[in-house]
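Report on one structure; see the data block that follows.
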Amino acid sequence: MTVQVIVGSQWGDEGKGKITDILAEHSNYVVRYQGGNNAGHTVVVGESVFKLHLIPSGILYDSCCSIIANGVVLDPAVFLEEIETLRKQGIVVTPDKLKISSIANVILPIHRDLDNKQESLRHNEKIGTTGKGIGPAYTHKISRLGVRVQDLMSKDVLMKKLIKQNWQDVYDANDFNLNDVVDLYYSYGQQLKPYMTDTSLFINNAIDAGKNVILEGAQGTLLDVDHGTYPFVTSSNPVSGGACIGAGIGPHKIKKVIGVTKAYLTRVGEGPFTTELNDDFGELLREKGGEFGTTTGRPRRCGWLDLVILKYAIRVNGLTEICLTKLDVLDDFDEIKICTHYKSKDGEILDEYPLDLEVYSQCTPVYETLKGWKSDISQLTQYADLPENAKKYVDFIFNKTNVPIQMISVGTRRRQTIHLITKT
Ligand code: GDP
Ligand code: IMO
Ligand code: MG
């Protein structure tokens, strides 16, 4: 029996979907514990490309049950659409295969509209949100004004909750009709009903029965509302601690915390990014890495690997191991840089990620330069077969972080993976 958390150690899009899919082969349950359909997890199996936003990346295995737990904000229309898309791709999602928490908060039209409205009012200080209503849905949750999945089961309950949200403060009176909203969301509720359950009870029973459980984080550590580059963050806690709250399990049940780490760095949306490359190297990473958002299609900002934030992610998540992804994207570089420290505006060398965004924004990276390997590693499955310079790159990360690297991903497909090169 093992319970493991998979978290993004950077700004999201580290390849969590692929790693979760691989580990799900030997798991009984995969649980999403936070975020919503701001996430985009691409999983490639054979010729099929699955783009998952809400449904956990374990869904592709018949033997694995997927769970959308209480910490997630769930947009019912997106959820039903995703099930339909999966059905068309040959994956039939029955209530046996998927559970949703009765107490997960629901994303409503007001949340999407508020998200876009707030973003347009920010003018020069945009966050670059995905526009999916995530921030406003979590705001209502924390303000104790949210609608939960179970509330969709009764038109009366739903109407009472919607009235408390004061939609007239957001819309002109002619622009919304709460009766229509109640009818629509009640009808969604009827479709969600077969999947609805007490997921905390369900997961804890599974753990007690000795099952293998993966808790799948969305987004990444630097997008965490507490620990990330606030305010350029999402509105939930992707870090491993969020898994306990978002799934309703105790911390002592978690055995492993796996940090999915891209071999370089990307960020979508606004906010500081110390190692960003606004040059041909950045363009090369974007093109070779296919760095365009799964959810919004936006080009991702690209840069060199930053060990300062990786060490920070190791600390705040308590990472027990790392899965290094997209190493193949670095195949063509003559030289590869890794940021080991920052230099502050005052010239001070910093080992640790500074929590003051003003200070952080003005840091410049201190790099070490390693030689590239200039060969195609995308078909390799054994660590021993990696070119020497690729091994040096991996060893460099291990030596600086002291966290075992459990897996190296060298392509989008399941077989393009080097397993268990753990060094301690
Ligand atoms: P997630 O949000 O963390 O699940 O990551 P995304 O799915 O948004 O982005 C990762 C992208 O890289 C996806 O298109 C994956 O198919 C792809 N990918 C994952 N691992 C690798 C890898 O090792 N090499 C390459 N070239 N692509 C990868
Ligand atoms: P996955 O799970 C990368 C970013 C947005 C924006 C900020 C806030 O695929 O790694 P939000 O809509 O959440 O209020 O936007 O967070 N963001 C992501 N960036 N990957 C994601 O998810 C993201 N989810 C949100 O671009 O900067
Ligand atoms: Mg993604």
Side-chain angles (χ1 to χ4, degrees), residues 6-22 32 34-45 48-54 56-57 72-73 75 107 111-112 114-116 118-119 126-139 216-225 228-236 238 259-273 285 287-301 323-331 376-378 380 407-418:
I6 295 178
V7 295
S9 70
Q10 297 156 333
W11 276 291
D13 302 324
E14 297 90 348
K16 299 176 294 292
K18 172 182 167 169
I19 299 300
T20 303
D21 169 70
I22 287 190
R32 262 288 299 273
Q34 49 67 236
N37 56 304
N38 49 348
H41 302 164
T42 303
V43 182
V44 182
V45 183
S48 304
V49 178
F50 298 93
K51 291 185 183 295
L52 302 166
H53 297 284
L54 258 177
S57 308
V72 171
V73 283
D75 186 324
I107 298 181
H111 300 134
R112 284 191 299 271
L114 271 173
D115 193 358
N116 291 313
Q118 288 165 355
E119 193 66 351
K126 290 193 191 310
I127 290 170
T129 72
T130 57
K132 305 295 181 190
I134 306 298
Y138 277 115
T139 303
E216 181 192 22
Q219 288 81 53
T221 304
L222 274 298
L223 288 172
D224 185 279
V225 69
T229 46
Y230 189 92
F232 301 100
V233 293
T234 192
S235 298
S236 66
V260 183
T261 303
K262 206 180 277 194
Y264 51 99
L265 202 48
T266 61
R267 170 163 210 172
V268 203
E270 303 304 318
F273 179 174
L285 288 171
E287 286 306 318
K288 177 119 203 241
E291 297 296 355
F292 298 89
T294 313
T295 301
T296 58
R298 290 178 289 180
R300 295 173 182 154
R301 299 157 64 193
C323 287
L324 190 66
T325 59
K326 304 191 87 161
L327 190 63
D328 57 298
V329 175
L330 299 176
D331 278 356
D376 179 359
I377 62 167
S378 67
L380 302 182
M407 214 189 273
I408 299 174
S409 173
V410 292
T412 56
R413 290 155 197 275
R414 287 173 175 167
R415 65 177 157 74
Q416 292 177 295
T417 310
I418 298 172

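Whatever order the structure lists ligands and atoms in, that order sets their numbers, starting from 1. Residues take their numbers from the sequence shown, with the count starting at 1.
Of the protein's non-hydrogen atoms, the one nearest atom 16 (O) of ligand 1 is T412 CG2, 3.4 Å. The nearest heavy-atom contact from the protein to atom 4 (O) of ligand 1 is G17 N, 2.8 Å. Among protein heavy atoms, the minimum distance from atom 23 (O) of ligand 1 is reached at S409 OG, 2.4 Å. The single protein non-hydrogen atom nearest to atom 13 (C) of ligand 1 is T42 CB, 3.7 Å, given as residue, atom name and distance.
With a 4.0 Å cut-off on non-hydrogen atoms, V329 touches ligand 1 through its side chain and not its backbone. For T129, heavy-atom contacts with ligand 2 shorter than 4.0 Å involve the backbone as well as the side chain.
Residue contact check: G128 has heavy atoms under 4.0 Å from atoms 5 (C), 6 (C), 26 (O), 27 (O) of ligand 2. Of all the atoms in ligand 2, the ones that sit under 4.0 Å from a non-hydrogen atom of R298 are 5 (C), 26 (O). The ligand atoms of ligand 2 that sit less than 4.0 angstrom from a heavy atom of V233 are 7 (C), 8 (C). Those atoms of ligand 2 that come under 4.0 Å of a heavy atom in G12, given as number and element, are 10 (O), 20 (N). Residue D13 has at least one heavy-atom neighbour below 4.0 Å for each of these atoms of ligand 2: 1 (P), 3 (C), 9 (O), 10 (O), 20 (N). The atoms of ligand 2 that sit less than 4.0 Å from any heavy atom of A218 are 2 (O). When each atom of ligand 2 is checked for a heavy atom of A39 under 4.0 Å away, the hits are 1 (P), 2 (O), 9 (O), 22 (O). Numbered from 1 in the order shown, with element, the atoms of ligand 2 that lie under 4.0 Å from a heavy atom of W11 read 3 (C), 19 (N).
Defined by atom type and a distance below 3.5 Å, a donor-acceptor pair is present between the side-chain atoms of D115 and T129. For the residue pair S409 and K18, a side-chain donor N or O sits within less than 3.5 Å of a side-chain acceptor on the partner.
Counting heavy atoms only, Q219 comes closest to atom 24 (N) of ligand 2 of the residues R32, K16, Q219. Here atom 25 (C) of ligand 1 lies nearest to D328 when heavy atoms of D13, D21, D328 are compared.
For K326, a nitrogen or oxygen atom sits less than 3.5 Å from a nitrogen or oxygen atom of ligand 1, counting backbone and side chain alike. In terms of polar-atom proximity, defined here as any N/O pair under 3.5 Å, L327 makes no such contact with ligand 1. In terms of polar-atom proximity, defined here as any N/O pair under 3.5 Å, G289 makes no such contact with ligand 1. Not one N or O of D115 is nearer than 3.5 Å to an N or O of ligand 2, by distance alone. Polar contact with ligand 1: present for K16 (N/O pair, distance under 3.5 Å).
Residue contact annotation: A218 places no N/O/S atom under 2.8 Å from the Mg ion (ligand 3).
A distance-only check finds a donor-acceptor pair linking the side chain of D331 to the backbone of I377 [under 3.5 Å].
K132 and D75 are not joined by a salt bridge, as no carboxylate oxygen comes within less than 4.0 angstrom of a charged side-chain nitrogen. Using a cut-off of 4.0 Å between Lys/Arg side-chain N and Asp/Glu carboxylate O, R414 and D21 are scored as salt-bridged.
By the neighbour-count criterion of 12 heavy atoms within 6.0 Å, atom CZ of F292 is densely surrounded, having more than that number from other residues, nucleotides or ligands.
Counting heavy atoms from C-beta on, the side chains of D328 and D376 never come closer than 4.5 Å. For the pair I19 and M407, the minimum side-chain heavy-atom distance is below 4.5 Å.
For D13, the N/O/S atom at the shortest distance from the Mg ion (ligand 3) is named OD1.
Heavy-atom separations between R300 and ligand 1 include at least one value shorter than 4.0 Å. Put simply, part of G40 is less than 4.0 Å from ligand 1, judged by heavy atoms. Using a 4.0 Å heavy-atom cutoff, G12 is absent from the residues neighbouring ligand 1.
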